[in-house]
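Notes for the one structure printed next.
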Amino acid sequence: MAPPPLSLYTTSFLLATLVTLLVAGSLRLLYILPHTRFQRKPLPRRKPIATRVLIVLGSGGHTHEMLELLRDLDTSTYTHRTYVVGRGDAFSAQRAVKFEEGLEARERARLRESEEYLDEQIDTGAQKAQENTELARRRRRNTTKEDRPTCLGPAHYDIAIIPRARAIHQSLLTTPVTALYTLISSFRPLVPPPPPVFPILTPSKKNPNANPPPPPSPYDVAAHDLPTLILTNGPATACILILASLILKFFDIRGAQRRRMCKTIYVESFARVKTLSLSGKLLVWVVDRFLVQWKELEGKGGGRAEFWGVLV
Amino acid sequence: MAADKICFVTTGATAPFIALIEAVLKPDFLDAIREAGYTRLLVQHGTAKQTFDTGASIASIHLDHNPGGGRLVINGFDFSDNGLVDQFKLVQKAKGLVISHAGSGTILAVLRYGLPLIVVPNTQLLDNHQDELATAMEKSNYLLKGDVNNLAKMIPLAEGFRIAQASFPPITSGKHRETKTFAAIMDESLGFME
């Protein structure tokens, strides 16, 4: 066998390879990053049956604002919620559970109301039917919307815990190490293992009636897939998690880029009136939507900051 | 018996705002709220129980020596599991007043209940965008901004502010730009069609 040509080991070859990789890498980066100059409308797509949304919670204030933002969350569209919480932040985890319980309670109250309404309709009888047509029409409109069931309860959300990027009094020297640990850990909620597959029982003499296992429900599939949407409002962990999502898009892992998964929305805190926060300044270049809550901040970040009124 | 008129002071649970607790227990402040007809002063002191207890005992001596200003009951508590909802409802019913540190969470909660609010930015905090927020909110007429040295003078102002206060969240629809809810923005960002 002929030895490899010596030219492969020269410095110039190494340099050429590096430059090629660099160019290819930056082109890819340009491709996956949102278009900063031309704010393109996302291509329309059909609402999937199930969608997972990843919600990054932070310390007290961030968590409070995030859950306030989500008060009108449509659980029939966003069927699975993953709350990402920093290690040791029991408060945020508790708040997330309480928030989900609140959604459930609201749904129960709504159902009770519509049931009462239905009873009332039966009672009032035919002579009042005329008056009720408008209400009935409204109700019908509601029911057509409810072809998608609301997805509530512990099966439809989970809480992922990732280590903190930096503890409160940690020295700056060790921060890169812990940050890297956070980065690696943030892939777990982003790329969960596929749904459990039940052992396939093939019909045999012993078990002639064995049926093939039921395919996992679309809800299960979505719960174990990449998130379609990532929401954050600025804790430090969020920056690292967004970086992880960029890596997924860069290498198109599990079709993150191809299938348009991992879209990101950043909402700047309501407490930020005149200047963007550090997380905001970093993330404004990489997130798909960047929202601010004060008019003065509109157009910051190279014109990317959008203002649609107070959202919290 | 006339209904209670409550002045509720909240100072932040994690890092209590000592200067604010001390300010609302000073004689001039107590006289000011008594003059405005308040009968109860409720203070959430968080972990600063010591400060509150000391201040409250001095305050009660002052109240005992000057009974002419009317009766005033001072109560304190540290935390509430319910996130102050009960206190806000109480103030709402009693047509009272809230005095708070300038944390954005508390500001939003108080304004959602439509309560008159005086915020006192904690100037001892290094990262001072609390003050920025308070100034911007005062400019939009949502609240009054005070500081620990002028709280007594703010009380008569707060009585007039009750009527002038702008409702929150602002109604901007149809005026000059379209507003969107966050739920709509989520759908829109993904390109979801109805």
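Reminder, nothing fancy here: chain letters follow the sequence lines and each chain counts from 1.
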Look up atom CG in A/Leu291 and atom CZ in B/Phe182, then write down how far apart they are to the nearest 0.5 Å. 6.5 Å
Between B/Ala136, B/Gly105, B/Ser189, which has the largest tally of heavy atom pairs under 4.5 Å with chain A?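 Going by pairs under 4.5 Å, I would pick B/Ser189.
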Quick check: do B/Leu133 and A/Phe270 have side-chain heavy atoms less than 4.5 Å from each other?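 Side chain of B/Leu133 against side chain of A/Phe270, heavy atoms only: contact under 4.5 Å found.
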Heavy-atom pair of closest approach, residues [X] and [Y]:
X        : Y        : result
A/Pro42  : B/Glu188 : CG-O, 3.1 Å
A/Ala271 : B/Ser104 : CB-CB, 3.9 Å
B/Lys180 : A/Leu311 : O-CD2, 3.6 Å

Spell out the residues in residues 62-69 of chain A that have some non-hydrogen atom less than 4.5 Å away from a non-hydrogen atom of chain B, in order of number; otherwise answer 'none'.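 Against chain B, the residues of residues 62-69 of chain A that fall inside the cut-off (heavy atoms, under 4.5 Å) are A/His64, A/Glu65, A/Glu68, A/Leu69.
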Could you list which of residues 273-283 of chain A have a heavy atom closer than 4.5 Å to any heavy atom of chain B, in residue-number order?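 From residues 273-283 of chain A, the residues near chain B are A/Val273, A/Lys274, A/Thr275.
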Residues, nucleotides or ligands: over 12 heavy atoms within 6.0 Å of B/Leu157 CG: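 It does: B/Leu157 CG has more than 12 such atoms within range.
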More than 12 heavy atoms of other groups within 6.0 Å of A/Tyr31 OH: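 Count not over threshold, so no.
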Heavy-atom distance under 4.5 Å to chain A: side chain of B/Leu190, backbone, both or neither? both
Top residue by heavy-atom pair count (under 4.5 Å) with chain B, among A/Thr264, A/Thr77, A/Leu229, A/Leu70? A/Leu229
